[in-house]
Protein chains: 2
Amino acid sequence: MSQRNTGVTSQAVTAEACPVQEVLDRVSGKWSVGILVAAAQGPIRFTELERAVTGISRRMLTLTLRNLERDGLLTRTVYPTVPPRVEYEVTPVARELYETLLRLTDWAERHRTTIHRSRVAYDAEHAAPA
Amino acid sequence: MSQRNTGVTSQAVTAEACPVQEVLDRVSGKWSVGILVAAAQGPIRFTELERAVTGISRRMLTLTLRNLERDGLLTRTVYPTVPPRVEYEVTPVARELYETLLRLTDWAERHRTTIHRSRVAYDAEHAAPA
DNA sequence: CGGCATCCACGAGGATACTG
DNA sequence: CAGTATCCTCGTGGATGCCG
């Protein structure tokens, strides 16, 4: 997820998969969702985001913020005060996305243990053939 | 286990984001969804998948397949016939995931033009300050 | 047919430092 | 405070070749 997406390898995966892929590409990048979630609570400042999204670097925060803004998922408001103050806020579109993301969360939570068990079983069967 | 992991880089982003991130990580990798969609139609063979998921390499197909199988999203059935025959089939859990993925598709389609316009506007305003 | 192993290219993203 | 710029690492995934 860079400002200049040179590697747009996403082509026609499957007729039905295209739109999904599109969303996934937009939401991917490991930080987008975190930022979206943090901003979903209400207007939030740059530094606040930096602290809210654990582990993100200044660079990636800026980059991801720009992308989200570009896609119309976040609005950027600059207050020309002496200590600069910038606030980010999710748009209605992003809020809708957030809602559907919640479905995914739900799915993840419901099957978390099942998946985990599946992994353990798989690993046991494939890493310890003895 | 000298293989490289396709896209399982789960981390702690934000308390609320964790589960989402977990799903996203599992579904990311650019091929998982395509494979899931192709397999959702019913049992499908390796070569069929290779053709169904446009642009995927043999390597990535195998890798992603393994990950999906490991997570219990796909079942792998080997028929010990003379020309080897392996069939992959989505599990109920994966089918549920597929359903929620459809919500995302819906979101993407509903806001596709909006987002596209937002991008154009953003680019116009930021790349051509004149 | 259905893989796995190897080599390699590229770009996402971390660390660090500087600025308005 | 809110970025921007630069360097560098390393994971992701493409290409190719061999094997059961």
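Chain identifiers are assigned alphabetically (A, B, ...) following the order of the sequence lines, protein sequences preceding nucleic acid strands; residue numbering begins at 1 within each chain. Computed from a prediction, not measured in an experiment: that's the story for all the values here.
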Measure the shortest side-chain to side-chain distance between A:Thr100 and B:Thr100 over non-hydrogen atoms and say whether it is less than 4.5 angstrom.
no

Out of curiosity, does A:Leu74 fall in the hydrophobic cluster containing A:Tyr79 (side-chain heavy atoms, cut-off under 4.5 Å, transitive links)?
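No, A:Tyr79 does not connect to A:Leu74 through the hydrophobic network.
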
From D:dG3, C:dG13, C:dG2, pick the nucleotide closest to the side chain of A:Arg76?
D:dG3

Of the listed nucleotides (D:dG14, C:dG13, D:dG3), which one gets closest to any side-chain atom of B:Trp31?
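Comparing D:dG14, C:dG13, D:dG3 against the side chain of B:Trp31, the answer is D:dG14.
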
Counting only side-chain N and O atoms of [X], is one of them less than 4.0 Å from OP1 or OP2 of [N]?
{"X": "B:Lys30", "N": "D:dG14", "value": "yes"}
{"X": "B:Arg66", "N": "C:dC4", "value": "yes"}
{"X": "A:Tyr88", "N": "D:dC1", "value": "no"}
{"X": "B:Arg45", "N": "C:dG2", "value": "yes"}
{"X": "B:Ser57", "N": "D:dG13", "value": "no"}

Length of the line joining [X]:[atom1] and [N]:[atom2], which is rounded to integer Å:
{"X": "A:Asn67", "N": "C:dA12", "atom1": "CG", "atom2": "C1'", "answer": "12 Å"}
{"X": "A:Arg58", "N": "C:dT19", "atom1": "CZ", "atom2": "P", "answer": "15 Å"}
{"X": "A:Tyr79", "N": "D:dG3", "atom1": "OH", "atom2": "P", "answer": "13 Å"}
{"X": "A:Leu49", "N": "D:dC1", "atom1": "CG", "atom2": "P", "answer": "14 Å"}
{"X": "A:Glu50", "N": "C:dG13", "atom1": "CD", "atom2": "C1'", "answer": "15 Å"}
{"X": "A:Leu65", "N": "D:dC1", "atom1": "CG", "atom2": "P", "answer": "16 Å"}
{"X": "A:Leu61", "N": "C:dG14", "atom1": "CG", "atom2": "P", "answer": "11 Å"}
{"X": "A:Met60", "N": "D:dC8", "atom1": "CE", "atom2": "P", "answer": "19 Å"}

So A:Leu73 and A:Val93, side chain to side chain contact (heavy atoms under 4.5 Å, CB included) or not? Walk me through it.
CA-CA 6 Å; A:Leu73 298 180; A:Val93 179; 4.0 Å; yes

Check: B:Thr75 side chain, B:Glu89 main-chain N or O, donor-acceptor pair, under 3.5 Å:
yes

Quick one: on DNA chain C, does A:Ile56 or A:Pro84 contact a more 5' nucleotide (nearest heavy atom)?
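Result: A:Ile56.
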
How do A:Pro83 and A:Thr62 order along DNA chain D: which one's closest nucleotide is nearer the 5' end?
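Its nearest nucleotide being more 5', the pick is A:Pro83.
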
Which atom of B:Tyr98 lies closest to which atom of B:Val37, heavy atoms considered:
CE1-CG2, 3.8 Å

